[in-house]
K.L.:
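Right, I'll just put the structure down here and ask away after.
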Amino acid sequence: MSEGFTLAGKIALVTGGAGSVGRHITRQLSEAGATVLVGCFHSYDAAREMVAELTAEGRSAGVVRGSVAKPAQVEKMFAEIGERYGRLDILVNNAAAGVFVSLDELTDEHMDRAFATNVKGALWCSRAARPLLVRAGGGAIVNVSSIGASYAPANYLGVGISKAALESLTRYLAAEFARDGIRVNAASAGLIDNEVGRMFPRFDSVRDNTVDATPLGRLASEADLAGLVTFLATPAARWITGQTVVADGGLGLLHRAMSPDPDVRTPDTASVPAPVPASVTAPVTEPVPASVTAPEPAPEPAPELAEDEDPVVVVGMGLAVPGASGPEEFWKLLTEGAELFTEVPADRWSVDGFHHPDPATADKTYQRRSGFMTEFTPHHALAAELADLGENLDYTALWLRHSVHQALDGVRRDDGDRFSVVVGYTPDGSQHLQESLVRREVRDFAAGNDVDPDDPELRALLDRCLPLGDQALPPHCVGRLAVHGLLPEDAPVTMLDTACSSSLYAIDLGVRALMAGEADIAVCGGAFALAPSGSVLFSKLHGLSRRGEVRALDKSADGVLFSDGAGVVVLKRLSRALADGDRIHGVVSGIGLSADGKGKAIYAPSSGGQELAVQRALAKSGLRAGEVDWVIAHATGTPAGDEAEFTGLRSAYAGERPVQVTSNKSLVGHTGWAAGVVSIIHALLALRHGVIPAQYRFTEAPAYFHTDATNLTIPAEPVAWPARPERARTVAVSGFGFGGTNAHLLLQEHVPGLRSAFGYGERRPEPLVLVGWSAHLPGCEDEAAVERWARERVALPASFGEVYPPPPFQKLRMPASAVRATDRAQLMIVECMQRLDPAVRAACDRNRAGTGVVVGHVGPTRNAILYALRAYQDELLREARQAAEPEPLITLFKKFNERVQELIAAPVEDSFPGEMPNVVPARLSNYFDLRGLNIAVDGGPDSLAGAFELAGRYLEFGDIDIALVAGVNGNTLPSWRGLLADSGVAADATEGAFLFAVTRRSFAESEDLPVLAEIDALLEGGA
């Protein structure tokens, strides 16, 4: 067989593959060498018979069941294909529905059914197939149309116009998918003499008239159409896309209609179907065995790298985690193991005050254990500084500064070096900050109830219950303190929040600063410290381990335990590192970011969103999935999360070469906003030592991992990983955060003389423009009112009130219980999006994969503080009862607790994501199904400016096409305003949200969006 016509080794899905035409398409694709998956819904038994028939002949086939008219079932079908086969090469949208009735008999139901299957079904399937086709290096989609799309057969209106829409859809998909190497065409035929064709009223008359008007003198056969579909699926049609190819025997020539009656008629050959060319239908000499279920994806061509390639490399690292105060101690833990989960230490908080074994108990956690930094040894330089920094320094600032000291050891720095500092951080991850805010709220309440806030008994109580609350820092000050005196004072410091993927996003931004030439050295990492209310809130999701240990990737996994931690890496360009003589720990080959978009719940993990991040990382780096030796998974030990992640990895890294998969969270716990950089250091240490450490606490994988049908392996013993001069070892690190903030980073060793694989996107600096804006302010019902406020500076209320007005369900389709548990900042930004110019919203909808959200948000949310007050209320009352003169304090705290319970209800499963600052941008991505990325930036009073800067970085590198940039504040509680004032930030913060749509000028022009202003000019003007 000609190579152009063979489909050997290809994976094909035929929807409606057991139907009249579908059976022929299935058979011909199979005979051309493809493994064919028979898509079906009602015809499941027929599909199974078809597969059994092909398997008996030595061919490879399978069944996939689901209705193409139902998006949820489509998603499930393609997820199953991804799990079983790892990719897809060919999609044939053959499933069809419709009735043959007259115009007067046609109903809405008839039309809806035809469009739901024939048009929408093809769209849903094509969209779901796209990532699988991309993984195969491109492929073909063939939509099966009919002659009724172009002509007007009697009684065919309902089906015909749906097929016309299908052909139009073909052209749009061809244009959209071309950049991925995917061809999209439609195949059509004349009237087919089969059971479907005979459903036409008075079929004999229709047949005779059609045969009479067809130059070849017969009706089409099912094999004719199947042969055309097969041809369009083969490499022989590689230069055809966006076309509707018609096999109608010449009917479309209109020869009979435009010629005189012939004297001689071509003999009727209707009963003898013309043979399909052997080059398309003949079986291959070596059929794919039925046992082959996960073929290796076709290798992608290696990218052509410039001779002067200059990747970003890691030249320094430092960390502090439970059981280890540096990388070498961490390596010892990774290779020897240790029991690091303990009950809450007495110097952190009273475990009994926050614990109850019943998970349903309000304001309590059912778990007493976590991972605490109990034996921290500060870097020698930090130890000398502690007298000046203070004994009660915020833990996150302490551990972060320690890590910076370590990471900079041995790294050459010159006068005039420009630095970029990016830290993954959350105000929810600081016990000092949480205790300070609770303390301030209590004192403010006392003053409002005629109790002296400086009363000695009250102060003594607060010192006992909240010992860390006398010193706290807003997040932007934590980052600045961590590098104070170690880096130039003018070094920009960015604090960002994407939940558990934060430190990987921090590294990504450091890479971009280096690639853009705006920094010579990047210092990137993350920090997190446990606080009691986080455990309380997470327990309402039932996500904490009941047994008190993490067993990630294991069949006995029952949840996660969070841990203290911090980590930092230092980055340079390779040329600079070599010139400086720095130790090169590894090459950052590529980073893929994504947002989950719409899903079951904002906290539910999404295999699809995670897999998209993997695909983007591989595509940027130029690496093939088969070149990755090891994946350090996010794998937190929650069964649902581990299953979703392993499912995505099984699909993304399907192949023949073994890929090791591990997680360090079974050992050191989940270090939250530092988890990504901790795993990066884990990977770099393994590269240095030539060993992949075994998975800790691992006995056996869950059955739903299907490890017997994948090349992914969870090692129960260490795996030798020696360096080889001819090939760079490669490891991937995943980080997936609440709100669907996904990151996947690829690291390679640096092999002198061997070209590194790397790619971070093509920088396309061009003017950024504002194409839309909206605002949501107390006292302003619409944009006109906002404009009056801005013009006339009229006074507005500082807040929306103690209770934010819940939007009606018609406007915000969320359960009432979820709305009540969601912070107003998240609701405010959704309102802003709904107020945005419809043309801009439509552009975001058209470009969901390329729309990102970057929000400037300062400090904790209002709900976070209120939930912390609920968590501490029993402990405060208990301490009041132990006071020397208890009655006044008991009365005060009973009133205080009543007031707190008026302000916020007991936490439920929606409360944890509902109060998280990073979910402010994520709420927009989730609600409006945006897949680019979402990030929260905390730069204190400069947060909105920081959000614009970050958005610009992603726009200029082409990661996103539209950035929704916002500044949001929903927290005017006295504790937070007081802390801002004490930190030198204005204390008159009011509630409100502003949303700006930003894009490149060229993109605005291509989408016909209004250009309202250039961003540089707008920001320089002080807007």
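One-based numbering along the sequence shown.
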K.L.:
Which pair of heavy atoms, one from Pro474 and one from Trp976, lies closest together, and at what distance?
P.N.:
CB-CH2, 4.2 Å

K.L.:
Evaluate side chain to side chain contact (heavy atoms under 4.5 Å, CB included) for His682 paired with Leu334, printing each intermediate quantity in order.
P.N.:
CA-CA 8 Å; His682 180 170; Leu334 289 167; 3.6 Å; yes

K.L.:
Answer yes or no: is there a side-chain heavy-atom contact under 4.5 Å between His744 and Gln610?
P.N.:
no

K.L.:
To the nearest 0.5 Å, what is the distance between CZ on Phe705 and CD1 on Ile714?
P.N.:
5.5 Å

K.L.:
Are any side-chain N or O atoms of Arg697 and backbone N or O atoms of Ser666, one a donor and one an acceptor, separated by less than 3.5 Å?
P.N.:
yes

K.L.:
Among Thr636, Val678, Thr638, which one satisfies side-chain contact (heavy atoms from CB on, under 4.5 Å) with His670?
P.N.:
Thr636

K.L.:
Flag the pair Asp352 and Arg878 as a salt bridge only when some basic side-chain nitrogen lies within less than 4.0 angstrom of an acidic carboxylate oxygen.
P.N.:
no

K.L.:
Over all heavy atoms of both residues, which pair between Asn926 and Gly597 is shortest? Give the atoms and the distance, please.
P.N.:
ND2-O, 3.3 Å

K.L.:
Side-chain contact test, heavy atoms from C-beta onward, threshold under 4.5 Å: evaluate it for Met814 versus Arg923 and give yes or no.
P.N.:
yes

K.L.:
On a heavy-atom basis, which atom in Arg551 and which in Ala557 lie closest, and how many Å separate them?
P.N.:
O-CB, 3.1 Å

K.L.:
Given His432 and Asn392, is the side-chain hydrogen bond (donor to acceptor under 3.5 Å, both in side chains) satisfied, shown in steps?
P.N.:
CA-CA 9 Å; His432 284 76; Asn392 203 14; 3.2 Å; yes

K.L.:
Answer yes or no: are there more than 12 heavy-atom neighbours, outside Glu343 itself, under 6.0 Å from its atom CD?
P.N.:
yes

K.L.:
How many angstroms lie between atom CG of Asp982 and atom OG of Ser436, to the nearest 0.5 angstrom?
P.N.:
8.5 Å

K.L.:
Which heavy atom of Tyr505 sits nearest a heavy atom of Asn742, and at what distance?
P.N.:
OH-O, 3.0 Å

K.L.:
Backbone N or O of Asp497 within a donor-acceptor pair of the Asn918 side chain at under 3.5 Å?
P.N.:
no

K.L.:
When you measure from the side chain of His857 to the backbone N and O of Gly859, does any donor-acceptor pair fall under 3.5 Å?
P.N.:
yes

K.L.:
Phe646 versus Val631: any side-chain heavy-atom pair under 4.5 Å?
P.N.:
no

K.L.:
Evaluate ring-ring contact (aromatic ring centres under 6.0 Å, His included) for Phe538 paired with Phe562, printing each intermediate quantity in order.
P.N.:
CA-CA 10 Å; Phe538 203 81; Phe562 289 91; 5.0 Å; yes

K.L.:
Would you give the length of the straight line joining atom OH of Tyr872 to atom CG of Leu877, rounded to the nearest 0.5 angstrom?
P.N.:
16.0 Å

K.L.:
Donor-acceptor pair, distance only, cut-off 3.5 Å: does the side chain of Asn449 make one with the backbone of Val451?
P.N.:
no

K.L.:
Is the closest side-chain heavy-atom distance between Pro453 and Asp444 below 4.5 Å?
P.N.:
no

K.L.:
Which residue, Leu461, Leu892, Leu889, forms the side-chain contact (heavy atoms from CB on, under 4.5 Å) with Leu876?
P.N.:
Leu461

K.L.:
Check the pair Leu333 / Leu340 against side chain to side chain contact (heavy atoms under 4.5 Å, CB included), numbers first and verdict last.
P.N.:
CA-CA 10 Å; Leu333 284 179; Leu340 300 172; 4.0 Å; yes

K.L.:
Can you tell me if Ser325 uses its side chain to pair, donor with acceptor, with the backbone of Thr377 under 3.5 Å?
P.N.:
yes

K.L.:
Distance check, rounded to the nearest 0.5 Å: Leu466 atom CG versus Gln431 atom CD?
P.N.:
9.5 Å

K.L.:
Could you walk me through whether Phe738 and Leu541 pass side chain to side chain contact (heavy atoms under 4.5 Å, CB included), step by step?
P.N.:
CA-CA 12 Å; Phe738 260 31; Leu541 286 163; 3.5 Å; yes

K.L.:
Can you tell whether the side chains of Lys895 and Glu898 come within less than 4.0 Å, N to carboxylate O?
P.N.:
no

K.L.:
Write down the atom of Ala506, the atom of Gly525, and the distance for their closest heavy-atom approach.
P.N.:
CB-O, 3.7 Å

K.L.:
Out of Trp349, Trp399, Phe528, which residue meets the ring pair (Phe, Tyr, Trp, His ring centres under 6.0 Å) rule with Phe372?
P.N.:
Trp349

K.L.:
Between the side chain of Tyr603 and the main-chain N/O of Gly740, is any donor-acceptor distance below 3.5 Å?
P.N.:
no

K.L.:
Do Thr861 and Asn863 pair up side chain to side chain, a donor and an acceptor below 3.5 Å, judged on atom types alone?
P.N.:
no

K.L.:
Hey, which of Asn664, Thr671, Leu504, Thr662 is the one that makes side-chain contact (heavy atoms from CB on, under 4.5 Å) with Ser679?
P.N.:
Asn664

K.L.:
So does Asp564 pair up with Arg348, basic N to acidic O under 4.0 Å?
P.N.:
yes

K.L.:
Among Asp596, Asn934, Thr741, which residue satisfies the side-chain hydrogen bond (donor to acceptor under 3.5 Å, both in side chains) criterion with Ser925?
P.N.:
Asn934

K.L.:
Is it true that Glu902 and Arg899 have a side-chain N and a carboxylate O under 4.0 angstrom from each other?
P.N.:
yes

K.L.:
Among Glu879, His356, Lys364, whose side-chain contact (heavy atoms from CB on, under 4.5 Å) with Asp874 holds?
P.N.:
Lys364

K.L.:
Decide yes or no for Pro702 and Pro639: does some side-chain heavy atom of the first lie under 4.5 Å from some side-chain heavy atom of the second?
P.N.:
no

K.L.:
Indicate yes or no: at least one non-hydrogen side-chain atom of Phe800 is less than 4.5 angstrom from one of Arg824.
P.N.:
yes

K.L.:
Does Asp428 reach the main-chain N or O of Met916 with its side chain, forming a donor-acceptor pair under 3.5 Å?
P.N.:
no

K.L.:
Between Ser663 and Gln695, is the side chain to side chain contact (heavy atoms under 4.5 Å, CB included) condition met? List the steps.
P.N.:
CA-CA 7 Å; Ser663 167; Gln695 176 60 29; 4.2 Å; yes

K.L.:
For the backbone of Leu553 and the side chain of Asp642, can you confirm whether one donor and one acceptor N or O come within less than 3.5 Å of each other?
P.N.:
yes

K.L.:
Considering all heavy atoms of both residues, which atom of Gly641 and which atom of Pro605 are nearest to each other, and what is their separation?
P.N.:
CA-CG, 3.8 Å

K.L.:
Ignoring hydrogens and angles, tell me if any N or O in the side chain of Ser545 forms a donor-acceptor pair with the backbone of Gly548 under 3.5 Å.
P.N.:
yes

K.L.:
Does Tyr927 have any ring pair (Phe, Tyr, Trp, His ring centres under 6.0 Å) partners at least two apart in sequence or in another chain, and if so, which?
P.N.:
none

K.L.:
Before accepting this row, confirm whether a basic side-chain N of the pair Asp363/Lys540 lies closer than 4.0 Å to the acidic partner's carboxylate O.
P.N.:
no

K.L.:
Name the one of Leu933, Val920, Ile935, Leu924 that satisfies side-chain contact (heavy atoms from CB on, under 4.5 Å) with Val853?
P.N.:
Leu924

K.L.:
Would you check if the side chain of Arg369 reaches a backbone N or O of Phe341 as a donor-acceptor pair within less than 3.5 Å?
P.N.:
yes

K.L.:
Less than 4.5 Å apart, any side-chain heavy atom of Asp394 and any of Leu481?
P.N.:
no

K.L.:
Rounded at 0.5 Å granularity, tell me how far CZ in Phe698 sits from NZ in Lys555.
P.N.:
9.5 Å

K.L.:
Is there a donor in the side chain of Ser533 and an acceptor in the side chain of Gln434, or the other way round, less than 3.5 Å apart?
P.N.:
yes

K.L.:
Are the side chains of Thr822 and Val919 in contact, using a 4.5 Å heavy-atom criterion?
P.N.:
no

